[in-house]
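A short worksheet on the structure shown next.
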There are 2 protein chains.
Amino acid sequence: MDTVYKALADPSRRKILEILKDGDMTVNEIGRHFPFSGATLSHHLDTLKRANLVVAQRQGQYIEYSLNTSVFEEVVKALIGLFGKE
Amino acid sequence: MDTVYKALADPSRRKILEILKDGDMTVNEIGRHFPFSGATLSHHLDTLKRANLVVAQRQGQYIEYSLNTSVFEEVVKALIGLFGKE
DNA sequence: TAGATATTTAGAATATCATCTAAATGATAC
DNA sequence: GTATCATTTAGATGATATTCTAAATATCTA
């Protein structure tokens, strides 16, 4: 779970998650929303991937990223557990 | 909200939150659960305070820290918003 | 196969973070 | 008020993170 919290600590990565809520996207499409280089974006995507928050799948020449929604529920539960009183 | 995510990124700070679920505590009492110096603990507490996750109140010679539970609900909502599909 | 596009990897620069020791501040008790 | 205990602040150090450019890898098309 540590990798998840670390991944969420950066605002650009959180924005990537927001963007992916609109649907799967290639790295290039995601990159249009950011000022930094492709290499930097690739690094952020790698961080999200390692945290299991996104999934990458090659589609021919492109690589499509999507939210790993199945993991999100666990994350929310963990957070509620962290905050909850019980 | 950025300060909140940043505050949660460190495992020691998350552990402090867990510990405070058992009730309010002085800095010294919290410190017993950690190997690092009081100065370092103070820094972590400051980070949590700035994120509005804990509240400090002087009780004579001591300072008691407590969870700022009223904020936790907002935080969970923000997180669910980040992950949610709608 | 060569050239073009998409993405990642390598290596380096700068910024931020966690931690330390030492010094400062606040409160109590004698 | 001086000594003592609790906590914070200052300043420094080493580790980690974000970012860059350049080079490498993968795929497609002609």
Side-chain angles (χ1 to χ4, degrees), chain A residues 1-20 22-68 75 79 82, chain B residues 1-20 22-68 75 79 82:
Chain A
M1 195 53 66
D2 195 56
T3 52
V4 174
Y5 287 109
K6 287 257 169 62
L8 293 175
D10 183 82
S12 296
R13 286 193 291 266
R14 293 198 301 276
K15 189 173 167 188
I16 291 172
L17 296 176
E18 294 275 3
I19 288 169
L20 286 177
D22 289 343
D24 302 358
M25 279 185 211
T26 68
V27 178
N28 240 317
E29 286 168 337
I30 297 169
R32 292 202 195 102
H33 299 80
F34 297 96
F36 44 62
S37 72
T40 295
L41 177 57
S42 186
H43 162 69
H44 283 311
L45 289 171
D46 187 56
T47 302
L48 290 169
K49 216 174 358 180
R50 286 177 196 279
N52 246 314
L53 292 168
V54 302
V55 174
Q57 194 179 16
R58 185 171 278 278
Q59 300 282 7
Q61 194 174 3
Y62 306 85
I63 296 182
E64 272 209 340
Y65 277 81
S66 42
L67 290 180
N68 189 7
V75 176
L79 289 161
L82 180 58
Chain B
M1 195 53 64
D2 194 58
T3 52
V4 173
Y5 287 109
K6 288 257 168 64
L8 293 175
D10 183 83
S12 295
R13 286 192 292 266
R14 294 198 300 276
K15 189 174 169 188
I16 291 172
L17 295 176
E18 294 276 2
I19 288 169
L20 286 177
D22 290 341
D24 302 357
M25 279 184 210
T26 68
V27 177
N28 238 319
E29 287 169 336
I30 298 169
R32 291 202 195 101
H33 298 80
F34 297 96
F36 44 63
S37 73
T40 296
L41 178 56
S42 186
H43 162 69
H44 283 311
L45 289 171
D46 187 56
T47 302
L48 291 169
K49 216 173 358 178
R50 286 176 195 279
N52 246 312
L53 292 168
V54 303
V55 174
Q57 194 179 14
R58 186 171 278 277
Q59 301 281 5
Q61 195 174 4
Y62 306 85
I63 296 182
E64 273 209 340
Y65 277 81
S66 43
L67 290 180
N68 188 7
V75 175
L79 290 160
L82 181 60

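Throughout, a chain's letter reflects where its sequence line sits, starting with A, and its residues are numbered from 1. Below, all heavy atoms of this structure are taken into account, side chains as well, without hydrogens, waters or symmetry copies. Note that the structure is a prediction, hence the values are computed from the model and not measured.
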Legend entry - Separation of E29(B) CD from D24(B) CG (nearest 0.5 Å): 9.5 Å

Inset, instruction - Give the rounded distance in Å between these two atoms: CD of E64(B) and P of dT8(D). - result: 13 Å

Inset, instruction - Go through dT8(C), dT7(D), dA6(C) for me and flag the one nearest to the T26(B) side chain. - result: dT7(D)

Legend entry - Salt bridge flag under 4.0 Å for residues R14(A) and D2(B): yes

Inset, instruction - Compare side-chain N and O positions of N28(B) against OP1 and OP2 of dT7(D) and report whether any pair is under 4.0 Å apart. - result: yes

Legend entry - Distance in angstrom units between D46(A) CG and dT7(C) C1', rounded: 12 Å

Legend entry - Spacing between I16(B) atom CD1 and dA18(C) atom P, to the nearest angstrom: 11 Å

Legend entry - Residue-phosphate contact under 4.0 Å: Y65(A) side-chain N/O, dA6(C) OP1/OP2: no

Inset, instruction - Could you work out which one of dA6(D), dT8(C), dT8(D) sits closest to the side chain of S42(A)? - result: dT8(C)

Legend entry - Passing candidate, side chain to side chain donor-acceptor pair (under 3.5 Å) with R50(B), options N52(B), T47(B), D46(B): D46(B)

Legend entry - Close side-chain approach of I30(A) to Y65(A), heavy-atom, < 4.5 Å: yes

Inset, instruction - Please check if the distance between the ring centroids of H44(B) and F34(B) is under 6.0 Å. - result: no

Inset, instruction - Summarise how protein sits on nucleotides 15-30 of chain D as a single string, 5' to 3': B when a protein heavy atom is under 4.0 Å from the base, S for sugar-phosphate-only contact, - for no contact. - result: --SSBBBB---SBS--

Inset, instruction - Please confirm whether the backbone N or O of A7(B) pairs with a side-chain atom of R13(B), one donor and one acceptor, at under 3.5 Å? - result: yes

Legend entry - Length of the line joining L45(A):CG and dA6(C):C1', which is rounded to integer Å: 13 Å

Legend entry - Distance, rounded to the nearest Å, where I63(B) contributes CD1 and dC5(D) contributes C1': 13 Å

